[in-house]
Amino acid sequence: DQSRQELLAFLSGTQEEGYVPQSGEITGILKQIGDEMSQSLSDANEAEGNAIKTYEELMAAKQKEVATLQAQIEDKMTRMGELGVQSAEMSNDVEDTKQALEADKKFKQELEQGCATKTQEWEEIKKTRAEELL
């Protein structure tokens, strides 16, 4: 008999224990959780968008920096090449100058010997003339 009354009370929607359905509160809680999650998602999407924008700006700045540094490297490599060529030319010039100096020293020595010989011959000519005049 008790079960029958409980069944009738359940079906009629009245219960003796005073059960109050909690589904309204649960629905509210679920709605609040859904709203919080939607807000968190939009905040995360906004933060991600800002991070992407910042990343792209940083990459653009770094690419400009790399291009500038690459140009500087190329300029310095060109300068190094030019200096290497100049150095090689100067080394060749030094060798040429040393050879010319050696040739000039040899020529000077030959001139000194030739002059000494000519001076000696001239002295003999002068001596011979002086003897002829006497």
Side-chain angles (χ1 to χ4, degrees):
D1 196 32
Q2 177 73 18
S3 335
R4 190 173 189 194
Q5 285 180 0
E6 287 178 10
L7 180 62
L8 287 175
F10 177 74
L11 291 175
S12 66
T14 59
Q15 295 179 359
E16 295 175 13
E17 295 179 12
Y19 173 74
V20 178
Q22 301 291 321
S23 63
E25 287 182 32
I26 293 173
T27 305
I29 291 171
L30 290 175
K31 186 174 190 290
Q32 181 181 1
I33 290 172
D35 292 343
E36 288 174 359
M37 289 179 76
S38 294
Q39 182 63 37
S40 294
L41 178 62
S42 73
D43 291 346
N45 286 338
E46 182 180 344
E48 182 67 18
N50 290 338
I52 289 171
K53 182 180 176 185
T54 302
Y55 171 78
E56 289 172 351
E57 290 171 354
L58 177 65
M59 286 304 294
K62 289 297 179 181
Q63 287 174 345
K64 286 180 183 177
E65 184 178 346
V66 165
T68 301
L69 293 174
Q70 186 67 32
Q72 287 178 353
I73 288 171
E74 289 173 4
D75 289 344
K76 288 182 180 186
M77 300 236 349
T78 302
R79 178 82 174 128
M80 282 177 49
E82 291 171 356
L83 290 174
V85 168
Q86 287 177 355
S87 175
E89 289 174 351
M90 287 180 181
S91 294
N92 289 339
D93 288 347
V94 166
E95 279 301 314
D96 293 344
T97 304
K98 284 180 181 179
Q99 290 174 357
L101 179 62
E102 288 300 318
D104 290 347
K105 284 181 180 179
K106 185 176 179 183
F107 180 68
K108 178 186 172 196
Q109 186 179 13
E110 289 173 0
L111 279 178
E112 286 174 350
Q113 286 176 356
C115 284
T117 303
K118 292 292 180 183
T119 303
Q120 192 178 33
E121 288 175 3
W122 177 248
E123 290 298 323
E124 283 189 34
I125 290 173
K126 280 187 355 185
K127 184 177 170 185
T128 308
R129 283 189 185 166
E131 288 177 2
E132 287 177 359
L133 288 175
L134 288 177

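Other residues sharing a hydrophobic cluster with L83 under the 4.5 Å side-chain heavy-atom criterion for ILVMFWY residues do not exist; the residue is a singleton. The hydrophobic cluster around I73 extends to M77, counting ILVMFWY residues whose side-chain heavy atoms fall within less than 4.5 Å of a member. Hydrophobic cluster of M90: no remaining members, since no ILVMFWY side chain lies below 4.5 Å from it. Residue L111 belongs to a hydrophobic cluster whose other members are F107, with links defined by side-chain heavy atoms closer than 4.5 Å.
Applying the side-chain contact (heavy atoms from CB on, under 4.5 Å) criterion to E65, with sequence neighbours excluded, gives K62, L69. Scored by the side-chain contact (heavy atoms from CB on, under 4.5 Å) test, I125 finds W122, R129 as partners (sequence neighbours excluded). Residues passing the salt bridge (Lys or Arg N to Asp or Glu O under 4.0 Å) test with K126, sequence neighbours excluded: E123.
Residue pairs meeting the salt bridge (Lys or Arg N to Asp or Glu O under 4.0 Å) criterion with at least one partner in residues 92-110, sequence neighbours excluded, are K108-E112. Residue pairs meeting the side-chain hydrogen bond (donor to acceptor under 3.5 Å, both in side chains) criterion with at least one partner in residues 31-60, sequence neighbours excluded, are Q32-E36, Q39-D43. For the side-chain hydrogen bond (donor to acceptor under 3.5 Å, both in side chains) condition, no pair includes a residue of residues 72-89, sequence neighbours left out.
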